[in-house]
Amino acid sequence: MLKQVMAGAVMLALAQQAMGKDDADAAAPFVLGTVTVIGQREQAGQMEQQVGAQVSRAEMRRFNRDNVGDALNLLSGVSLSTNARNEKTVAIRGFDARQVPLYIDGIPVYVPYDGYVDFNRFTTGDLAAIQVAKGYSSVAYGANTLGGAINLVSRKPSAPLEGDTSIGFGSGSERQLSANVGTNQGLWYLQAGVSYIDSDGFPLSSDFRPTATEDGGMRNNAYRKDHKLSFKVGYTPDGAQAGDEYALSYYKQHGEKGQPPSTHPVGARYWQWPYWNKESVYFVSQTRLGAAERLKVRLYHDSYDNEITSYTNGSYTTVKTSGQGSVSGGRSIYNDRTNGGAVELESFRLAAHSLRFVASYKADEHQELDAKGVRTTWYKDALWTLGAEDSIALDAATELSLGVSRNALRPDTVYSAGNAYTLPANQSATDLQAGLFRKVGLDARVYATVARKSRLPTLKDRYSQRLGTYIENPALRAEEAMNYELGYQANVQGAKVEAALFYSDVKDKIQSVANVSGVRSQMRNAGRAHISGVELGLRGSAGAWLDWGGNYTYTDMQNVSDRATRLTDVPRHKLTAHAVLHAARQVDVVAIAEANSGRWVSNTLELGGFTTVNLKAVYRPLPALTLEAGVANLGDRNYALSDGFPGAGRTWLANAHYQF
């Protein structure tokens with residue numbers, strides 16, 4: 001491991017990556033939507049990087065990260081993959097999307113039934129930044145942050161009139177369009193955005209070998225359409241400086257997509273999603289209670305509606321009604337709902353203390369309908385969290401952060417046609433954490449954190465029979481993790497340096513146990529895992545003509561409970577490096593490279609490592625207008641993040657962006 005880490009450090013020192021200089025692509029964040037842990041007294045209203053990382057809007061624009069999954073992949077500790085439904089997923093230091101949930105402005109938005117989201121469905125055009133907490137995260141996020149949290153921070157206007165619009169084209173007849181407009185009138189503000197992506201698919205590498213289910217060229221059944229509308233209106237009765245703020249947000253997403261079949265004919269699914277829709281209403285507020293306290297409130301309603309249609313073959317003309325890979329009546333229709341809220345009371349009354357008390361409630365409902373619209377499944381759960389955290393200034397250079405929360409799962413309704421389910425018992429889990437942060441000189445700090453975190457089982461974990469191949473297990477308990485981290489952050493001669501060592505001990509891990517009853521399996525608290533690794537980051541500039549940087553991650557995952565069974569989908573090594581060459585006053589050349597080592601995707605199959613390079617040129621004929629053209633996967637590398645689902649080969653893009 002030492003040699004591998006040293007090799008990664010040498011590569012990192014030579015890597016060149018853009019560091020995000022001030023430019024027109026920056027966007028003011030919706031501060032009420034940020035979630036922080038330490039230094040609330042002094043850092044209120046700042047997008048301070050704490051224990052974790054951040055992707056700015058400028059970085060999303062610079063590297064053409066149009067969906068949240070690709071944007072997160074810029075960070076160390078993050079690995080991109082796909083699941084059995086060919087949905088884009090991420091892992092944070094080996095923890096999957098169920099264990100590192102997704103939030104928008106601090107509000108949980110993961111799908112109630114299985115806890116997953118398709119990160120390809122969440123576009124980035126209306127975001128100011130993405131916050132990622134790794135291992136150690138604020139109790140304000142609520143339950144189930146076993147390995148951290150991902151928070152999408154929306155935009156807030158800062159001028160009387162501001163906005164931007166983009167149009168783009170790419171391989172696979174891809175068309176993109178987005179527009180955002182905002183106004184801040186002091187007493188009130190308004191932010192609105194729309195985005196549209198439509199693609200017929202993507203080309204495979206010329207090195208791809210055709211199979212019975214994929215003939216090469218354009219990837220079969222890989223079309224997609226995603227439309228999104230976002231709207232926020234805010235009221236600041238005493239002006240922004242007073243601190244009182246009330247904001248109402250509305251989001252509407254409509255998606256439809258084809259699911260490319262596995263390139264392995266055995267078990268290939270011929271699925272299409274005629275709709276994947278999400279509609280949301282969020283209310284977020286902050287009220288000053290005198291000079292020393294403030295009250296924050298979050299209220300939300302989310303609806304998730306989607307359908308999968310299963311076909312007999314790749315012609316997608318005959319609906320499949322039975323057999324492997326089919327869904328009920330050939331159609332699987334989900335209607336999920338989430339209602340909830342959270343109240344936070346923050347106090348700075350005690351000298352050297354920043355106290356926070358949190359109470360949150362989340363009610364999840366999952367319904368499945370047959371092709372005739374008759375409800376066949378109905379589950380309801382409620383999640384409660386009570387928590388507190390305190391940031392204590394021990395001296396001018398040292399801060400201690402402490403947190404505790406109690407999370408409770410209260411099953412409410414269990415109904416599945418043809419099954420005699422009984423309502424399972426309530427269960428709970430306690431999270432504890434502590435972090436010590438110390439400044440070293442003017443531009444450096446070291447920190448050490450420990451966090452005991454939990455994840456209560458999802459509805460799917462407990463009840464899904466997976467097309468008759470599993471036995472339900474309503475008695476599943478929470479899985480737990482002890483997360484440890486040592487870190488260093490500094491500015492050294494104009495360069496930003498970051499390093500972290502992390503280790504997680506996961507117990508009662510929820511995993512599949514095969515052949516519990518004949519040929520049927522079951523989800524059980526059967527696993528224990530150790531995850532350890534190193535993250536390194538470096539960024540800086542060479543005068544005014546070059547910005548550079550990169551990051552490296554080493555991750556070692558060990559299945560302690562069953563050493564003969566591998567933990568999958570996370571590469572041991574990941575390195576990114578990119579550079580922005582300011583070739584002329586109005587011209588930039590942007591390059592980014594990513595290298596992944598091989599990854600195990602099953603107990604017997606390891607996919608090969610790969611390196612991809614993206615290159616583009618940027619021209620600014622006017623200060624407000626940007627034109628760009630580029631190529632992704634310049635070397636046309638044939639690679640896959642999941643067995644049977646190859647990635648795109650060489651693709652091209654052309655975009656125009658105007659900001660006012």
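A quick note: this is a predicted structure, and the numbers were derived from the prediction, not measured.
Just one of Y304, Y334, Y463 meets the ring-ring contact (aromatic ring centres under 6.0 Å, His included) condition when paired with Y113; it is Y334. With R455 as the partner, the side chain to side chain donor-acceptor pair (under 3.5 Å) test is satisfied by one option alone out of D461, T145, N144: D461.
One finds no salt bridge joining D126 and R57 here, because no Lys/Arg side-chain nitrogen approaches an Asp/Glu carboxylate oxygen to under 4.0 Å.
Scanning for side-chain hydrogen bond (donor to acceptor under 3.5 Å, both in side chains) contacts around N180 gives D164, with sequence neighbours left out. Y223 meets the side chain to side chain contact (heavy atoms under 4.5 Å, CB included) test with N221, Q272; sequence neighbours excluded.
Remark: side-chain polar atoms of N603 are paired, donor with acceptor, to backbone N or O of R566 under 3.5 angstrom. Of the possible polar contacts, one joining the Q253 side chain to the R121 backbone as a donor-acceptor pair under 3.5 Å is found. Formation of a donor-acceptor pair under 3.5 Å by the D96 side chain with backbone atoms of A91 is not found in this model.
Contact detail for S195 and T123: the closest heavy-atom pair is OG-OG1, 3.3 Å.
Because its NZ or CZ atom is both nearer than 6.0 Å to the ring centre of Y470 and within 45° of the ring axis, R466 counts as a cation-pi partner of that residue. Judged by the 6.0 Å and 45° rule, K320 forms no cation-pi pair with Y270.
Evaluation of the side chain to side chain donor-acceptor pair (under 3.5 Å) test over residues 101-111, restricted to residues two or more places apart or in two chains, returns D105-S154.
Using a 30° and 60° split on the angle between ring planes, Y282 and Y300 fall in the perpendicular class, above 60°.
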